[in-house]
Amino acid sequence: QLVESGGGLVQPGGSLRLSCVGSGRTFSDYGVGWFRQAPGKEREFVAGISRAGTKVDYRESAKGRSTISRDNVKNTAYLQMNSLKPEDTAVYYCAASSRAAVVISSYEYDYWGQGTQVTVSS
């Protein structure tokens with residue numbers, strides 16, 4: 001089970017830190033990805049991190065503004081988002097993949113959380 005938290009309403013230029021807590025399985029056996037889905041749009045990859053946290057990847061628009069990290073002792077992954085823009089508004093999901101590499105396709109992820117809403121608006 002994956003449970004996201006940390007979403008909310010933030011002004012443009014603000015920051016949020018999303019958290020994803022895993023339970024029921026060995027968290028460190030899975031890579032973690034963050035995805036988002038805006039109304040009327042397809043779900044898209046935001047950032048991913050490998051099992052041990054040694055490798056990360058980001059969508060181009062998130063590079064320089066977002067940081068993905070994880071704490072396997074706490075069974076938690078994080079997505080720190082800075083300089084938020086209205087176009088970042090979406091439901092953000094975390095997902096777990098048993099693949100060894102950081103994967104950007106949603107089809108490569110085995111488990112998903114329910115999502116947390118992020119709204120960037122003045």
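What's counted below: heavy atoms across the whole structure, side chains too, no hydrogens, waters or symmetry copies.
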Identify the two heavy atoms, one from T76 and one from S19, that lie closest to each other, and give their separation to 0.1 Å.
-> CG2-CB, 4.3 Å
Donor-acceptor under 3.5 Å (T89 side chain, E87 main chain) = no
Honestly curious: do V120 and L18 fall in one hydrophobic cluster under the side-chain, below-4.5 Å linking rule?
-> yes
Tightest non-hydrogen contact, residues A77 and V32, listed as CB-CG1, 3.8 Å
For the atom pair CH2 (W112) and OH (Y93), what is the distance rounded to the nearest 0.5 Å?
-> 9.0 Å
Does T67 reach the side chain of V56, with side-chain heavy atoms less than 4.5 Å apart?
-> no
Hey, is the main chain of F27 close enough, under 3.5 Å, to the side chain of R70 for a donor-acceptor pair?
-> yes
Which value, rounded to the nearest 0.5 Å, describes the distance between S122 atom OG and Q11 atom CD?
-> 7.0 Å
Quick one: are L84 and P12 in side-chain contact, heavy atoms under 4.5 Å?
-> no
R59 side chain to F45 backbone, donor-acceptor under 3.5 Å = yes
Without swapping roles, check the side chain of S97 against the backbone of R99 for a donor-acceptor pair under 3.5 Å.
-> yes
Is there a donor-acceptor pair under 3.5 Å between the side chain of D71 and the backbone N or O of K74?
-> yes
Test item: Y58 side-chain N/O and I68 main-chain N/O as donor-acceptor pair under 3.5 Å | yes
Audit row: W34, E4, side chain to side chain contact (heavy atoms under 4.5 Å, CB included) steps and yes/no | CA-CA 10 Å; W34 285 97; E4 304 95 334; 3.9 Å; yes
Using a 4.5 Å cut-off on heavy atoms from C-beta on, say whether the side chain of T119 contacts that of V10.
-> no
Distance only, no hydrogens: is a donor on one side chain within 3.5 Å (strictly under) of an acceptor on the other, for S98 and D110?
-> yes
Is there a donor-acceptor pair under 3.5 Å between the side chain of R65 and the backbone N or O of S83?
-> yes
Could you go step by step and tell me if L2 and V21 meet the side chain to side chain contact (heavy atoms under 4.5 Å, CB included) rule?
-> CA-CA 6 Å; L2 299 173; V21 179; over 6 Å; no
Heavy atoms from other residues, nucleotides or ligands near CD of Q117 exceed 12 (cutoff 6.0 Å) | yes
Report the residues that fulfil side-chain hydrogen bond (donor to acceptor under 3.5 Å, both in side chains) with D29, sequence neighbours left out, ordered by chain and then residue number.
-> none
Aromatic plane relationship, Y111 with Y30 - under 30° parallel, 30 to 60° tilted, over 60° perpendicular | perpendicular
Could you state the interatomic distance from CD1 (I49) to SG (C94), rounded to the nearest 0.5 Å?
-> 12.5 Å
Roughly how far, to the nearest 0.5 Å, is SG of C20 from CG of L79?
-> 10.5 Å
Within 45° of the ring axis of F35 and under 6.0 Å from its six-membered ring centre, is that where the NZ or CZ of R43 lies?
-> no
Euclidean distance, S66 OG relative to M81 CE, rounded to 0.5 Å = 6.5 Å
After noting the C-alpha distance and the side-chain angles of Y78 and R17, does the key distance pass the side chain to side chain donor-acceptor pair (under 3.5 Å) rule?
-> CA-CA 7 Å; Y78 306 95; R17 188 176 81 155; 4.8 Å; no
Shortest non-hydrogen separation from V103 to Y109 and the atoms involved = O-OH, 2.6 Å
Going through the distances and angles, do D88 and R36 end up as a side chain to side chain contact (heavy atoms under 4.5 Å, CB included)?
-> CA-CA 9 Å; D88 294 317; R36 67 185 183 187; 2.9 Å; yes
